[in-house]
Each structure stands twice: as C-alpha cells, then as structure tokens.
Amino acid sequence: MLVRCIKRQIAVANAKNLILGLTCFSSPLTRSAGMSSMAEKKDVDNDKPITRVLFCGPHFPASQIYTREYLEKYPFIQVDDVPLKQVPDHIGNYDLCVSKNMRFDSNVLSRAKQMKLIMQFGVGLEGIDIDAAKKHGIKVARIPGDATGNAASCAEMAIYLMLGLLRKQNEMQISVKQKMLGEPIGETLLGKTVFIMGFGNIGIDLAKRLKPFDVKIIATKRSWPSNSVVLNSKDFPTQNGVVDDLVDEKGSHGDIYEFASKADIVVCCLSMNKETVGIVNKPFISSMKKGALLVNIARGGLLDYEAVVQHLESGHLGGLGVDVAWKEPFDPNDPVLKFKNVILTPHVAGVTEHSYRSMAKVVGDVALQLHAGKPLKGIELVN
C-alpha cells in the first residue's frame, strides 16, 4: 500500500512538471498563489525599452519608496535612487529624474543624454537651471501643491510652528523635566495679526485654516487677479464661487515692510528666486514689531541668517519657527539652536502620508505617460 501511494505521488509530480514545462500553456490554473508574483504583473511591452526613473539622494526617502510601490505592477518602469555625488555619473541612463535637493547646472544637464523630464517631488525648482535644461532639450516641471495635499500639509505645519512658539514649546519641555506645573505662561492666536508673505496655494490654505482662530489676516502677493480669491469652499461666505473676507488686508510686494510692522506673526510662503533670496533681511526684521514671531515653511534661503541671529540676540525677534534651513541638512550644533524661542523641524512640512502618496501617484503616472508616448498630465511644465 505504501508503494502504491509513493507511485501515485510521483505520477502527480511528473504531471505538474510537464504542464509547467510547456511554454505555450496559458491556462489560468497555472497562475496560483504559489507561482511567481510576475504572473500578477502587467505584460511588458517588448516593443519599447524600459523607462528608467532616477531619484536623487537619500533625503525624503518616502518619495522613492511610495513611487516604487505605486509602480510595482509595471515591470517596464524601473525606479532607482543614487547618492547625490553619483548622480552626474549615472544620469545619462535615465529618462525621468526627480531632483529633490540635487543641484542641476549646465554641466550635469549635459550628461543627461536621454533625459526627457526633470521634475520636483513638490514645487521648488530653485536648484535647477531651467534655461540650461531647455537648451539641452529637457523639460522641467513641478507638482501643483493644491491637488496633492502638499499645500494643506505645509499650512498645517505653519500653524504648528506658530502655536509652538506662542505656547513656548521648548520651555514647556524644561518645566516637564524640572517637575514644574503652571509654567511657562503662553500666548494665544486669538486676536493676533498674521502676515502671510506670498499668497499662493500654501498661503491660501493657511488663511483658510487660520480663520477659525479669530485672527486678522494680512497678505501680500505680486499681483492679485481680483478683489477676492477664487476658491471652492463651503467654509466661508461666497458669492459666485468667490470667497469673500479670507484676507482682511491685501498688498503687493512693495508693501512688505509696512505689513511687517503691523503683524504679530510673519509667515514666509514665498517661492525662492533671484528676487526673493535673502528678502527677510536686517531692514525687514527691524521693521517688524518688537517681540513678533517669524515662521518659514518655504525655503531657507529667504532668510538672512546673520540678520535673524542678530535680532534673536537683541530680543527684537520674539521667536523663530523654521521647517527649512539656510543649509540642509541642518547643523545640529548651529548657534541659532541655543535660543529657547527657536523651533526647528527637518523639512517635513509637506511630508505627510496623504501628500506623499498623492505625489508618488503623479510621478508614477508621468512615468507611464512617458513610456506610452502620451501627453504629460498632472504636472506644471515651466519651460
């Protein structure tokens, strides 16, 4: 009986091997859970080479991790990441590049022989020489923040930093360690005047979230399209799809010193370019109210480091909350961190599950569009 059982098992095994050995056999019976996961992936287009996507550097690691996860069923898309110093040596092998904090000058771009598109995992493109990219036939793009939740995430971080400064977060930790109760005495957002410098997608989302705190919002923008900001919102009084009273006072770029003198809190939401580098300098901070707070969730280069430190030391600047630094990664031994009224976060304002999953989908979809030769959607081309 034992011999018959063994013979039966051998016969079954031989039959399975015969079926699996037939290359033309395509019955769904062979696509069992025990087979390679490749059976569940989409078919490779053998008429086209693999489309290669390069992520630059180790920082913001969830960007490439989430993009790989989104594209895992598309074996004809390859997603790699390499150290920043090695990017110039490898960039010639890629079709699409996600720049992150890599600097792309004409020399690096000249090596990108098959590159079709360089894009940011977000909105900031200050590290890319856009004119040089155009010269080399490479498109440059950003991901609009309003559609992915990136702007909302940054707006929430701005409020976190504002509240952390007002309630004296660092001093509270000292009180906890010293087993002290009822100290320090904090401030409220209630009744404060908040100056939003740069009223783009982040500025708009910040204003929407600040309104319930019963603050006065003043904002500057290079040019206002109308007397009101067009938004799709049910949270504020509207007329013909226009949100009224979102901003209490509006100004242009030339009004920033006047607006700074009125504000209890200044929030930098500007994009960084040649005109805005170092815009928060000694004259600007001097024009702020004594004891006013400064928050930056845009780019570190907007702030003049020496001017900020000087006004912290003098006590004129009441507090500093920054998610972006003058040099990144930030030096943990930087003298600015000696001040109790300084809060620093590691460039995570836009790094949330919602925004990063959304942006990974945009990158993945663009890679698929490039592979298929279709028009690029979901991004904003700048050249």
Side-chain angles (χ1 to χ4, degrees), residues 154-155 157-175 183-198 202-203 206 210 213 215-220 249 251 253 255-270 272 276-328 330-347 349:
C154 291
M157 177 59 79
I159 294 175
Y160 165 79
L161 292 171
M162 293 160 67
L163 291 173
L165 292 172
L166 287 167
R167 302 310 294 265
K168 301 181 180 178
Q169 175 178 302
N170 293 335
E171 293 179 50
M172 285 194 288
Q173 294 303 311
I174 294 174
S175 291
E183 293 183 7
I185 297 176
E187 291 280 355
T188 66
L189 261 177
L190 176 66
K192 296 293 189 293
T193 297
V194 180
F195 171 24
I196 301 176
M197 187 162 62
I202 295 174
L206 177 57
L210 282 174
F213 286 95
V215 301
K216 179 180 180 181
I217 298 174
I218 60 179
T220 54
E249 185 178 354
H253 183 70
D255 299 317
I256 61 172
Y257 290 95
E258 178 187 350
F259 277 40
S261 69
K262 300 177 181 179
D264 300 297
I265 306 170
V266 176
V267 186
C268 294
C269 300
L270 292 166
M272 195 170 80
T276 60
V277 170
I279 194 170
V280 180
N281 52 20
K282 184 176 179 179
F284 180 90
I285 301 176
S286 297
S287 70
M288 293 172 60
K289 286 183 179 180
K290 179 176 174 57
L293 307 178
L294 177 61
V295 171
N296 184 14
I297 44 87
R299 285 292 183 265
L302 296 171
L303 274 55
D304 181 321
Y305 176 82
E306 298 298 333
V308 169
V309 172
Q310 178 183 339
H311 285 83
L312 283 169
E313 289 177 339
S314 70
H316 182 80
L317 190 58
L320 173 70
V322 292
D323 181 61
V324 286
W326 300 268
K327 182 179 180 182
E328 295 181 334
F330 197 79
D331 179 4
N333 298 314
D334 192 291
V336 78
L337 293 177
K338 71 182 180 181
F339 299 100
K340 294 179 182 178
N341 55 346
V342 171
I343 299 175
L344 172 73
T345 53
H347 204 143

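Residues K192 and E187 are paired through a salt bridge, judged by an N-O separation under 4.0 Å between the basic side chain and the carboxylate.
F195 is not listed as a side-chain neighbour of V267, based on a closest heavy-atom distance of 4.5 Å or more. A heavy-atom distance below 4.5 Å is not found between the side chains of I265 and L165. Using a 4.5 Å heavy-atom threshold, the side chains of C268 and L294 count as touching. Within the 4.5 Å cutoff, side-chain heavy atoms of E249 are placed close to those of F259. A 4.5 Å side-chain heavy-atom check between F284 and I279 finds every atom pair outside the cut-off. Side chains of K216 and K262 form no contact here, defined as non-hydrogen atoms less than 4.5 Å apart. With contacts defined as side-chain heavy-atom distances shorter than 4.5 Å, the pair W326/R299 does not qualify. Counting heavy atoms from C-beta outward, I174 and K340 have side chains that approach closer than 4.5 Å.
A distance of 12.5 Å separates CE in M197 from CG in D255, rounded to the nearest 0.5 Å. Here the NZ atom belonging to K168 is positioned 10.0 Å from the CD atom belonging to E183, to the nearest 0.5 angstrom. With rounding to the nearest 0.5 Å, the separation of NZ in K289 from OG1 in T193 is 5.5 Å. For the atom pair CZ (F213) and CD1 (I217), the distance works out to 11.0 Å, reported to the nearest 0.5 Å. The CD atom of E306 lies 8.5 Å from the CD atom of Q310; values are rounded to the nearest 0.5 Å. In this structure, the separation between NE2 on H311 and CD on E313 is 11.0 Å, given to the nearest 0.5 Å.
Scanning both residues, A260 and S287, for their nearest heavy atoms gives CB-OG, 3.6 Å. The two atoms that bring L206 and A158 nearest to each other are CD1-CB, 4.1 Å, heavy atoms only. Between A292 and L317, the closest heavy-atom pair is O-CD1, 3.6 Å. When all heavy atoms of V324 and A298 are compared, the closest pair comes out as CG1-O, 3.5 Å. Residues V336 and Y305 share a closest heavy-atom pair of N-OH, 4.1 Å. Looking at every heavy atom in both residues, L270 comes nearest to G198 through CD2-CA, 3.7 Å.
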D323 vs Y160, side chain to side chain donor-acceptor pair (under 3.5 Å): CA-CA, chis, key distance, verdict: CA-CA 11 Å; D323 181 61; Y160 165 79; over 6 Å; no
Candidate pair V295 and V266, rule side chain to side chain contact (heavy atoms under 4.5 Å, CB included), full reasoning: CA-CA 6 Å; V295 171; V266 176; over 6 Å; no
Audit row: T220, H253, side chain to side chain donor-acceptor pair (under 3.5 Å) steps and yes/no: CA-CA 6 Å; T220 54; H253 183 70; over 6 Å; no
Criterion side chain to side chain contact (heavy atoms under 4.5 Å, CB included) on I202 and I196, from CA distance to verdict: CA-CA 10 Å; I202 295 174; I196 301 176; over 6 Å; no
Derivation of the side chain to side chain contact (heavy atoms under 4.5 Å, CB included) call for Q169 and L163: CA-CA 8 Å; Q169 175 178 302; L163 291 173; over 6 Å; no
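Looking only at distances, a side-chain donor or acceptor of N341 sits under 3.5 Å from a matching main-chain atom of G318. With D304 contributing its side chain and A307 its backbone, the two residues share a donor-acceptor pair below 3.5 Å. Listed for the N170 side chain is no donor-acceptor partner under 3.5 Å among the backbone atoms of I343. Remark: the backbone N or O of G291 is not paired with any side-chain donor or acceptor of H316 at under 3.5 angstrom.
In summary, of the residues considered (L161, L320, L166), a side-chain contact (heavy atoms from CB on, under 4.5 Å) with L293 occurs for L166 alone.
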